[in-house]
Amino acid sequence: MKQSDTIKESFVTDRRRLLLGVGAAGGAIAAGLTSAQAAGNAGAEQVTDAPVSNKMQERQPFHGEHQAGIVTPRPAAGMIVTFDVLAQTPRDVEQLFRTLTDRIKFLMAGGTPPAFDPKLPPSDSGILGPIVPPDNLTITVSLGDSFFAKRDWLAPLKPVRLSRMTGFPNDALDPALCHGDISLQICANTPDATIHALRDILKNTPDLMVVRWKQEGSVPVLPPKADGSHESARNFLGFRDGSANPDARDAALMDRVVWVRDGGEEPGWARHGTYQAVRIIRNFVERWDRTPLNEQQAIFGRHKATGAPLDGKVESDTPNYAADPEGKVTPLDAHIRLANPRTKGSEENLILRRPFNYSNGVSKSGQLEQGLLFIVYQADLEKGFITVQKRLKDEPLAEYLKPIGGGYFFTLPGVTNEDDFLGRSLLQAAGQIASGKKS
Amino acid sequence: MSFRTTFSAGAFALLATSSIATAAGVSPLDIVKPVADYKIFVSEKLEKLVADTKSFTDAVKAGDLKKAKALYAPTRVNYETIEPVAELFSDLDKSIDSRADDHEKREKDPDFIGFHRIEYGLFSQNSTEGLAPIADKLMTDVTDLNKRVKDLTFPPDKVVGGAAALMEEVAATKISGEEDRYSHTDLFDFKGNVDGAKKIYDLVRPLIVKDDGKFVAKVDANFATVEKTLAKYKTADGYESYDKLTEDDRKVLAAAVNTLAEDLSTLRGKLGLS
């Protein structure tokens with residue numbers, strides 16, 4: 001594996017040099033996703049040649065206090081898949097956690113899957129080729145309320161804020177798209193890498209869990225800006241999404257907003273975990289596209305082109321609601337104003353958004369089934385998503401949205417070293433309870 | 001629930017090696033007897049299919065709705081049990097067992113015939129009207145199938161591969177309850193597919209039990225889980241309607257079936273067949 005990686009790296013370097021030489025198509029190149037056409041000067045390419053990317057060897061570290069895929073910058077492709085878990089006993093649950101740990105570790109690192117006797121089905125689906133590239137993959141494992149509720153030996157260890165998602169007034173939840181014992185958030189530079197990872201996990205856990213629902217999503221890719229600055233990606237309503245996100249590079253802020261810490265009400269095993277709220281929010285895009293621009297901007301509270309708040313110039317400007325108490329500039333029921341009123345008290349309701357856009361074909365009425373695969377992380381589910389969502393109940397944007405699925409989950413703490421595995425702190429805590437009862 | 005081997009890259013490599021060793025331990029001659037026994041099993045099922053189809057189609061043609069409904073599931077279960085062999089004749093499989101989804105105009109499509117077209121008439125339209133020609137054609141096709149299978153030399157790889165094929169059939173269409181959507185008698189078919197897979201597995205089991213005890217124990221356990229779960233829905237003359245299946249039992253069945261499909265997919269390789 002080491003040797004082949006070296007070969008791969010040198011190939012990528014050559015390719016990058018080649019692509020940079022082409023120059024003119026700079027935007028697409030630096031974004032990492034380049035069409036075969038962009039490299040066209042290298043010689044005539046065939047219509048079925050694979051599009052090339054110089055980001056296939058990007059790797060996120062698997063080991064760490066926290067799982068990857070939360071404060072990790074969001075790549076272009078994402079997926080949430082939830083499962084019903086068959087494993088009931090501590091032994092089987094440990095087997096599930098260890099299997100997930102092993103598979104995720106391999107998939108995030110990339111490498112060569114073992115070769116089986118060709119008379120047997122191959123160990124790997126092969127959809128990414130004989131050497132699996134990491135492609136910036138992350139897989140984040142979280143547990144639903146039902147995972148604890150259905151196992152007596154785990155019930156006392158349930159994180160205190162974890163609950164089964166209940167519908168909000170504007171929701172039309174489809175039971176087939178809700179909840180689950182386990183959620184996996186799978187993200188990568190390309191959807192193929194997320195699909196490859198999912199198929200690997202399914203193949204290795206058939207007796208331990210069965211798929212419940214799945215939603216894939218994407219983030220539109222942008223060319224880099226000349227000044228090196230970044231901007232938030234747009235949702236399917238054409239607005240920047242996540243402009244007011246807390247800075248994920250600020251570890252102290254993340255400790256406050258995202259991660260469960262010692263000393264609170266949460267069980268000790270949950271330290272370094274976080275709450276994940278997932279919502280599949282359908283957007284009525286045809287109707288939205290028939291709404292005047294001024295109205296769209298008033299509904300969001302931002303300028304559509306720049307993402308700036310209505311009283312600002314650039315996306316990063318902070319709106320000054322104190323100077324606009326009657327909502328003459330930014331309506332009082334604008335989405336961003338309700339979601340984050342920027343008061344002293346609302347600081348504790350901060351959440352880390354990490355959404356993807358989804359597109360699923362058409363409805364029976366012939367309208368596009370698309371919207372937002374909304375994913376947020378927070379240290380306290382009640383103070384975070386649930387409080388924010390309650391504030392949004394009468395927002396005008398709700399007319400264009402219909403939440404149809406999702407669930408609440410608790411994201412397990414990270415895997416810190418080779419001897420560690422996902423869920424170890426939880427199983428140890430359960431073991432201590434069991435041995436306490438015996439003695 | 002069985003205990004699963006941890007699939008670290010290292011364990012994968014070990015597994016691969018042990019599988020190769022197993023495959024090498026079975027000689028092609030060892031397969032001859034199981035395949036011959038399987039042919040006898042299939043012949044018996046086909047004789048029963050022909051006889052039962054006669055009673056079933058007679059009831060349809062006589063306009064005896066109640067009797068036709070009662071005979072529908074127990075008749076076709078014979079077909080489901082030997083499906084991997086029946087499917088070798090794709091023209092007959094289509095005319096005997098295609099579903100409305102296989103036809104562009106669905107239930108209204110004139111090419112939609114066979115068991116499921118009769119099922120649609122009996123259970124959805126609650127009538128035998130217009131079904132007589134379809135019943136006659138079904139009888140002809142089933143008789144033809146029996147004759148063709150008699151003349152067939154059973155390819156060992158198709159026989160052994162049939163165990164996995166049956167579990168794939170269950171995983172793809174029986175877990176969802178979409179096979180017998182008008183009559184909701186899916187659990188009959190489910191049982192037929194599982195019995196068919198288990199028959200094949202049981203015939204070759206002695207060839208692998210010594211070298212691959214862990215595999216055999218796991219497959220045995222998953223078959224037992226399926227049978228135990230299905231047994232909960234047994235009635236005096238068959239099985240409960242599919243909609244009686246609880247969500248929890250559906251999950252237990254799904255996991256056991258998926259695991260059997262994974263494990264039985266290695267059966268040909270373990271026996272050195274390709």
Side-chain angles (χ1 to χ4, degrees), chain A residues 1 82-107 109-124 132 146 150 175-176 179-182 199-212 418-419 421-422, chain B residues 1-24 26 157 160-161 164 167-168 171 175-176 215 218-219 221-222 225-226 229 247-274:
Chain A
M1 178 182 137
T82 80
F83 297 83
D84 293 315
V85 171
L86 275 293
Q88 282 292 336
T89 63
R91 194 185 71 160
D92 285 349
V93 169
E94 179 173 340
Q95 188 58 43
L96 173 62
F97 286 162
R98 283 185 181 275
T99 305
L100 286 173
T101 304
D102 287 347
R103 296 322 301 155
I104 294 170
K105 201 190 315 178
F106 169 77
L107 291 163
T112 307
F116 282 2
D117 180 336
K119 288 196 172 81
L120 293 169
S123 67
D124 186 88
V132 175
S146 53
K150 286 191 277 190
H179 318 303
D181 295 336
I182 278 194
R199 281 172 56 176
D200 183 286
I201 285 172
L202 290 181
K203 193 168 179 63
N204 284 291
T205 54
D207 52 341
L208 299 167
M209 55 187 198
V210 292
V211 174
R212 188 175 171 91
E418 285 297 331
D419 297 324
F421 60 93
L422 286 160
Chain B
M1 214 154 304
S2 59
F3 197 74
R4 210 181 155 78
T5 316
T6 304
F7 276 175
S8 67
F12 254 128
L14 283 175
L15 270 183
T17 318
S18 70
S19 301
I20 293 164
T22 305
V26 179
D157 59 320
V160 175
M167 296 322 297
E168 295 293 355
I175 288 291
S176 58
F215 170 84
K218 188 176 166 209
V219 173
N222 278 304
T225 299
V226 171
T229 311
E247 191 53 26
D248 279 350
D249 281 337
R250 197 188 61 79
K251 284 175 209 159
V252 167
L253 288 172
V257 164
N258 289 340
T259 310
L260 283 168
E262 281 288 342
D263 287 338
L264 294 177
S265 74
T266 65
L267 202 54
R268 275 186 303 163
K270 283 178 187 298
L271 294 167
L273 299 166
S274 47

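A quick note: this is a predicted structure, and the numbers were derived from the prediction, not measured. Numbers restart at 1 for each chain; the letters A, B, ... are given by sequence-line order, proteins then strands.
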What residue in Leu267(B), Thr266(B), Asp248(B), Val257(B) has the most heavy-atom pairs under 4.5 Å with chain A?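 Max contact count across the listed options: Thr266(B).
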Any donor-acceptor pair under 3.5 Å linking the side chain of Thr205(A) with the backbone of Leu208(A)?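 Checking the backbone N and O of Leu208(A) against the side chain of Thr205(A), no donor-acceptor pair under 3.5 Å is found.
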Side chain / backbone / both / neither for Leu260(B) at chain A, heavy atoms under 4.5 Å: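 Looking at Leu260(B), nothing touches chain A.
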Does any heavy atom of chain A fall under 4.5 Å from the side chain of Ala254(B), the backbone, both, or neither of them?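 Answer is both: backbone and side chain atoms of Ala254(B) are under 4.5 Å from chain A.
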Taking side chain as everything from C-beta outward and backbone as N, CA, C, O, which of these in Lys105(A) sits under 4.5 Å from a heavy atom of chain B? Side chain, backbone, both or neither.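 No part of Lys105(A) comes within 4.5 Å of chain B.
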Of Leu202(A), Thr82(A), Leu100(A), which meets side-chain contact (heavy atoms from CB on, under 4.5 Å) against Met209(A)?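 Going through Leu202(A), Thr82(A), Leu100(A) one by one, the side-chain contact (heavy atoms from CB on, under 4.5 Å) with Met209(A) is satisfied by Leu100(A) alone.
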Is Arg250(B) salt-bridged to Glu247(B), cutoff N-O under 4.0 Å?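 Salt bridge: yes.
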Could you go step by step and tell me if Asp200(A) and Val132(A) meet the side-chain contact (heavy atoms from CB on, under 4.5 Å) rule? CA-CA 11 Å; Asp200(A) 183 286; Val132(A) 175; over 6 Å; no
